[in-house]
Structure formats: C-alpha cells, structure tokens
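Order of listing sets the numbers, starting from 1, for every ligand and every atom in it.
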Amino acid sequence: MNYENILTENEEGILRITVNRPSKLNALNKDTIQELHLAFKNAQSDPDVKVIILTGSGEKAFVAGADISEFFDYSAREGKQLAAEGQAKLFDYVANFPKPVIAAVNGFALGGGLELAMAAHFRIASNNAKMGLPEVSLGVIPGYGGTQRLPQLVGKGRAMEMIMTAGMIDANQALQYNLVNHVTTQEELLDFAGNLANKIMRNSLVAISSAIKAINANFEDGVNGFETEIEEFGRCFGTDDFQEGTTAFLNKRKAEFPGK
Ligand code: COA
C-alpha cells in the first residue's frame, strides 16, 4: 500500500510505521491520521505483522502535535467532531489494538504527538526527546485522550502541572515520571525497540492480545477489570498456544507458538 504521509516497513514480523512529514515536524493532519488508521487496520488482519513500532521521521520530532494550520478556524461543533473522530480512528484504536504497539519517541512528542505515544502500549524515548501537552497555550485542551492517559501514566498532580504549564519535559524526566520505560541514544532507539519486539514475539501473541484487553479494562468506565481478566484467562485455555506453551514446558523444550 502506498501512503503519502507515513512509511511502513515489515521486517520479520515487526512492522515499523513512521510518520513522515519531517518539514512539519511530523504534525498530524487529517490525511496522516487517516493513513495511520489504514496502516493499523491492515496490520490487524495481516498475519505477518506481530508487533508494531511507531516512530517519526527525521532527527527532530516524533510528532509535534496535531496540525494547527488545519483547525485554527474551526467552530465549537467542528472542534468536538475533530476530537471524536481522531480518538475513534486512531488514538483509541491504537490503545485497544490487539497486537503490541511500541512508541519509539525520537524527538518532540507534543500535543497529539504525545497523545499518540501515550495511546501506544508503552514508550521508549531517545535522550533528545521532549514531551508535553501545550494545548492550553493555544487556547484549547488536549483532545486526543491526553487529559485521560497522562494522569493514568504520571499521576494526577504531575498531569495537572504539565497540562496547566504547557511545558515540556525531557526524556530523563519522562523516565522518572513513568511516561517512558527506557531512554536510549537516538542511534540506538530503533534497535532497542526492535530487541524488545523480538523478546515479545517469543511469547504467545494470542495470550498477549488477551493481556492487552485485560490491562486496558482497568481503565474503562463501568468495566470490572478482574472479570475481564477471568474471561480472558479462561479463553486462553481454549487456544493452541496454551496447549503448546504448557506442553513445551512439561517436555522441557522451547515453545513454538502457532499463534492461534
Ligand atoms: N502543526 C502545524 N505545523 C507545525 C506543528 C504543528 N503542531 N509543529 C511544527 N509545525 C511546523 C512549523 O509551522 C514549521 O513549518 P514552516 O517551516 O512551514 O513554518 C515547521 O513545522 C518547523 O517547525 P518550527 O516551529 O520552525 O521548529 P522549531 O524548532 O523552531 O520549534 C517546536 C519546534 C516543536 C517547539 C514548535 O514547532 C512548536 O511549538 N510546534 C507546535 C507544538 C504544539 O503546540 N503542538 C500541539 C498542537 S495541538
């Protein structure tokens, strides 16, 4: 599939999706959001995709936010629709994606960029990365899940401070805040993410998919995460991966998961 604003490359089961508008610091315009949606949708049904690494092109930015030039003249109704569509098409879609999604934050992750990184299942940053939700400096608030996901990751007080000050934190502070799991050099970032993806791929991807669902249930209103866990735990027992994993363990051999 040919895209204009993103690059996709599958290397041995690891699909790298790169937001590719470096002259605009990879800002998310509508077309880019649509292309990301399509890339994820295709990845969902593609058995050759096991893990996704999301990153930005160039050395400066992961994604510097939603494309401000596209929405500066929107009405209240259009603004609401922008947030609703974006959340459904991309941010919630990524957060609930059944295959692991790692954000490799290679530079500025601001506004929608940080929201995209936070929608991923976990984050790694290079030491030049800068993260923040500067929306209130534009007279608006984060609209792609930032007011919900930032406090989940860093705690309410820190999220309040970051959002109210519209400031940026560097990679080390993000690590200290639990916003990212690891910090590497920029040169090592993608290899580091790739190594983690390889480690993940040795396990049952069917079980991982259930784990994503159960973990996410903890953060859903009106859903009892413990019940989701029980449901998903039970579901695993009916899979070929469970047969293989337990049999391999009992026979003291390495599991070769069929992925179903
Ligand atoms: N939307 C649209 N265009 C953006 C953008 C965004 N969120 N972020 C950067 N760009 C564009 C700039 O307009 C500029 O385009 P131009 O060369 O056609 O003028 C280009 O990307 C390079 O950005 P520039 O501001 O010149 O780089 P810088 O190194 O001086 O500053 C930032 C980098 C990230 C601090 C600055 O670009 C910025 O503050 N961006 C907006 C961040 C933001 O508020 N995001 C939240 C949006 S809701």
Side-chain angles (χ1 to χ4, degrees), residues 3-7 17-37 54-95 103-120 123 125-154 158-174 177 179-180 183 186 189:
Y3 299 106
E4 278 185 21
N5 303 290
I6 63 172
L7 305 168
I17 302 178
T18 307
V19 181
N20 187 34
R21 297 181 76 213
S23 68
K24 296 289 173 194
L25 302 186
N26 304 323
L28 296 176
N29 60 3
K30 270 196 172 169
D31 289 348
T32 308
I33 289 181
Q34 178 61 20
E35 289 186 6
L36 284 167
H37 171 75
L54 195 52
T55 194
S57 81
E59 295 188 344
K60 204 167 162 185
F62 172 71
V63 168
D67 192 320
I68 299 166
S69 66
E70 258 188 4
F71 61 72
F72 71 96
D73 59 350
Y74 275 14
S75 66
R77 191 185 53 79
E78 288 170 316
K80 185 174 171 186
Q81 198 179 340
L82 180 75
E85 271 182 18
Q87 288 194 19
K89 252 191 197 163
L90 185 58
F91 298 81
D92 284 352
Y93 195 54
V94 169
V105 180
N106 57 309
F108 286 114
L110 301 174
L114 180 56
E115 289 171 302
L116 184 59
M118 291 193 295
R123 291 142 292 284
S126 54
N127 51 19
N128 62 309
K130 293 229 159 49
M131 284 159 257
L133 293 179
E135 284 86 347
V136 298
S137 71
L138 298 167
V140 67
I141 66 166
Y144 288 146
T147 63
Q148 306 305 297
R149 293 196 177 99
L150 187 64
Q152 286 168 4
L153 288 162
V154 307
R158 285 169 171 165
M160 285 282 191
E161 184 181 331
M162 281 179 70
I163 290 171
M164 287 179 190
T165 60
M168 292 184 209
I169 59 172
D170 65 18
N172 283 325
Q173 195 164 5
Y177 275 16
L179 187 50
V180 303
V183 176
Q186 194 162 41
L189 180 69

Visitor: May I ask you to identify, for Ser23, whether its side chain, its backbone, both or neither come under 4.0 Å of ligand 1 on a heavy-atom basis?
Guide: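 It is the backbone that touches ligand 1; the side chain stays farther off.
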Visitor: Do Ser126 and Asn128 have side-chain N/O donor and acceptor atoms under 3.5 Å apart?
Guide: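 There is such a pair (donor and acceptor under 3.5 Å, judged by atom type) between the side chains of Ser126 and Asn128.
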Visitor: Grab the two heavy atoms, one from Glu115 and one from Gly146, that are nearest each other, plus how far apart they are.
Guide: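 Heavy atoms of Glu115 and Gly146 come nearest at OE2-N, 2.8 Å.
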Visitor: Would you please determine whether Ala66 falls within less than 4.0 Å of ligand 1 on a heavy-atom basis?
Guide: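 Yes, that is the case, since the closest heavy atom of the residue is under 4.0 Å from the ligand.
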Visitor: Answer with yes or no whether the side chains of Thr32 and Glu35 bring together a donor and an acceptor at under 3.5 Å.
Guide: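 Distance-only check fails for Glu35 and Thr32.
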Visitor: Could you report the tightest heavy-atom contact between Leu116 and Phe91, atom names first, then the distance?
Guide: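 Shortest heavy-atom separation between Leu116 and Phe91 comes out as N-CE2, 3.4 Å.
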Visitor: Tell me, with the steps shown, if Leu133 and Met162 meet side-chain contact (heavy atoms from CB on, under 4.5 Å).
Guide: CA-CA 7 Å; Leu133 293 179; Met162 281 179 70; 5.7 Å; no
Visitor: Can you tell me which residue and heavy atom of the protein come closest to atom 22 (C) of ligand 1, and the distance to 0.1 Å?
Guide: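 The answer is Leu25 CG, 3.8 Å.
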Visitor: For ligand 1, is any non-hydrogen atom under 4.0 Å from Pro134's backbone (N, CA, C, O), its side chain (CB onward), both, or neither?
Guide: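 For Pro134, the contact with ligand 1 is made by the side chain alone.
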Visitor: Is any N or O atom of Gly111, backbone or side chain, closer than 3.5 Å to an N or O atom of ligand 1?
Guide: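 Among all N and O atoms of Gly111, none is under 3.5 Å from an N or O of ligand 1.
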Visitor: So which atom in Ile163 and which in Val136 form the shortest heavy-atom distance, rounded to 0.1 Å?
Guide: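 Heavy atoms of Ile163 and Val136 come nearest at O-CG2, 3.1 Å.
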Visitor: Could you report the tightest heavy-atom contact between Arg123 and Leu179, atom names first, then the distance?
Guide: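 Scanning both residues completely, I find the closest heavy atoms to be NE-O, 2.7 Å.
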Visitor: Look only at interatomic distance and state if Met168 has a nitrogen or oxygen under 3.5 Å from any nitrogen or oxygen of ligand 1.
Guide: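 Checking ligand 1 against Met168, no N or O pair falls under 3.5 Å apart.
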Visitor: Got the closest protein heavy atom to atom 45 (N) of ligand 1, with its distance?
Guide: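 Of every protein heavy atom, Ala64 O, 3.1 Å lies nearest to atom 45 (N) of ligand 1.
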Visitor: Quick check on Gly143 - does any of its heavy atoms sit under 4.0 Å from an atom of ligand 1?
Guide: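 Distance cut 4.0 Å: Gly143 fails for ligand 1.
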Visitor: Report the nearest protein non-hydrogen atom to atom 4 (C) of ligand 1: residue, atom name, distance rounded to 0.1 Å.
Guide: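 The protein heavy atom lying closest is Lys24 O, 4.0 Å.
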Visitor: How far is atom 28 (P) of ligand 1 from the closest protein heavy atom, and which atom is that?
Guide: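 Minimum-distance protein heavy atom for atom 28 (P) of ligand 1 reads Lys60 NZ, 3.7 Å.
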